[in-house]
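A quick write-up on the structure given underneath.
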Amino acid sequence: MGNYFYSRRIENIDVGTKLYGKLAQRTNVGFLGAFDFADQHGDPWAMHRQDYVTTLSQGFGEGAGASVLAVKRASPREQNTVLGYQANT
């Protein structure tokens with residue numbers, strides 16, 4: 001599912017956060033948020049660009065599991081959202 005996101009496309013990061021880990025024995029979570037506060041007509045708090053990636057996966061045993069992915073990019077010029085789901089049996 002990682003083919004939908006390429007982190008090097010995020011440029012000029014002013015603030016970012018990353019969270020990942022296990023919520024339970026077979027449940028994993030991941031989150032990445034990156035923000036660009038480029039000067040927007042003199043307003044230092046105006047958001048220029050936002051990028052988000054969220055993943056959640058749940059294992060059900062012996063190779064079976066499911067994952068969901070959400071990728072979002074938002075800027076004044078473009079909006080893009082990708083949602084994905086994968087199941088293994």
Side-chain angles (χ1 to χ4, degrees):
M1 289 188 57
N3 294 335
Y4 296 106
F5 173 70
Y6 183 62
S7 64
R8 295 198 184 236
R9 289 186 184 144
I10 300 175
E11 301 173 353
N12 305 322
I13 298 171
D14 290 323
V15 175
T17 185
K18 179 169 73 169
L19 168 75
Y20 62 93
K22 287 188 171 284
L23 294 178
Q25 182 178 1
R26 294 182 179 166
T27 306
N28 297 310
V29 65
F31 173 79
L32 173 76
F35 308 93
D36 178 5
F37 294 102
D39 186 17
Q40 297 289 303
H41 310 290
D43 183 359
W45 296 106
M47 189 71 65
H48 176 66
R49 181 172 162 184
Q50 306 167 38
D51 292 275
Y52 303 98
V53 180
T54 304
T55 62
L56 179 65
S57 63
Q58 175 67 50
F60 301 117
E62 299 299 322
S67 300
V68 292
L69 167 79
V71 179
K72 180 171 177 87
R73 178 186 207 179
S75 73
R77 293 177 302 185
E78 62 185 336
Q79 300 283 327
N80 188 23
T81 302
V82 175
L83 302 173
Y85 175 81
Q86 177 179 355
N88 301 321
T89 57

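For this chain, numbers begin at 1 and follow the sequence in order.
Taking each heavy atom of D14 and F37 in turn, the nearest pair found is OD2-N, 2.6 Å. Of all the heavy atoms in T27 and L56, the pair that sits closest is CG2-CD1, 4.0 Å. The minimum heavy-atom distance between A66 and Y85, with the atom names listed, is CB-OH, 3.8 Å.
T81 OG1 to K72 NZ: the interatomic distance, rounded to the nearest 0.5 Å, is 4.0 Å. Here the CZ atom belonging to R49 is positioned 7.5 Å from the CG atom belonging to D36, to the nearest 0.5 angstrom. For the atom pair CG of N88 and CZ of F60, the computed distance is 10.0 Å after rounding to the nearest 0.5 Å. Separation of atoms OG1 (T54) and CG (L69) is listed at 8.0 Å; rounding is to 0.5 Å. Remark: N28 CG to T55 OG1 distance equals 8.0 Å, nearest 0.5 Å.
Using a 30° and 60° split on the angle between ring planes, Y52 and F31 fall in the tilted class, from 30° to 60°.
Every residue was checked against the side chain to side chain donor-acceptor pair (under 3.5 Å) condition with S75, not counting sequence neighbours, and none meets it.
Transitive grouping of hydrophobic side chains (ILVMFWY, heavy atoms separated by less than 4.5 Å) brings L32 and I13 into a common cluster. Y20 and V68 fall into different hydrophobic clusters, where Ile, Leu, Val, Met, Phe, Trp and Tyr side chains are chained together by heavy-atom contacts under 4.5 Å.
Here salt bridge (charged side-chain N to carboxylate O under 4.0 Å, His left out) pairs that include residues 60-71, with residues two or more places apart or in two chains, number zero. Sorted by first then second residue, the salt bridge (charged side-chain N to carboxylate O under 4.0 Å, His left out) pairs that include residues 74-85, not counting sequence neighbours, are R73-E78.
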